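Since this is a predicted model, take the numbers as computed values, not measurements.
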Amino acid sequence: PACSTVLQNTVANMIQRAAKSGRNLNRELRSHGDFSNPAIIDKLIDKLGVQPSGTNLHKKVFDPLAMQVEDTLPMLRKQEKDLLARIQMEQLGGNRAGIAFVQPSN
């Protein structure tokens with residue numbers, strides 16, 4: 001649902017008054033104690049029903065819920081880790097046990 005005209009006007013007036021007085025509304029909000037609580041994000045997501053992986057783009061352009069499981073960040077990280085391990089094994093000739101550790105002689 002669209003934001004009400006009354007609310008839009010109220011916010012616009014607040015921004016104009018802050019600009020005229022030299023106040024930085026964003027800095028004031030960030031310094032307010034309620035916004036320093038990291039749990040506020042989870043609470044807002046639950047309360048407002050926000051999709052945490054959402055986007056401002058139209059679903060025809062990008063729909064995060066339509067992503068394949070293998071394209072998600074955890075899976076991409078796992079694929080990268082596996083690839084780097086395979087490359088390392090190939091560079092070592094596939095034989096990590098071939099490294100001998102020798103005690104120094106006195």
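Residue pairs meeting the salt bridge (charged side-chain N to carboxylate O under 4.0 Å, His left out) criterion with at least one partner in residues 46-74, sequence neighbours excluded, are absent.
Partners of D82 under the side chain to side chain donor-acceptor pair (under 3.5 Å) rule, at least two apart in sequence or in another chain, are K78. Qualifying side-chain contact (heavy atoms from CB on, under 4.5 Å) partners for L84, counting only residues two or more places apart in sequence or in other chains: E80. Judged as a side chain to side chain donor-acceptor pair (under 3.5 Å), and not counting sequence neighbours, the contacts of R23 are E28.
Cluster partners of I87 are L83, counting Ile, Leu, Val, Met, Phe, Trp and Tyr whose side-chain heavy atoms approach within less than 4.5 Å, directly or via other members. Grouping Ile, Leu, Val, Met, Phe, Trp and Tyr by side-chain contacts under 4.5 Å, direct or through others, puts V69 with M75. In this structure, L76 shares a hydrophobic cluster with no other residue, the cluster being traced through Ile, Leu, Val, Met, Phe, Trp and Tyr side chains under 4.5 angstrom apart. Hydrophobic cluster membership of V6, counting Ile, Leu, Val, Met, Phe, Trp and Tyr whose side-chain heavy atoms lie under 4.5 Å apart directly or via other members: none, as it forms a cluster of its own.
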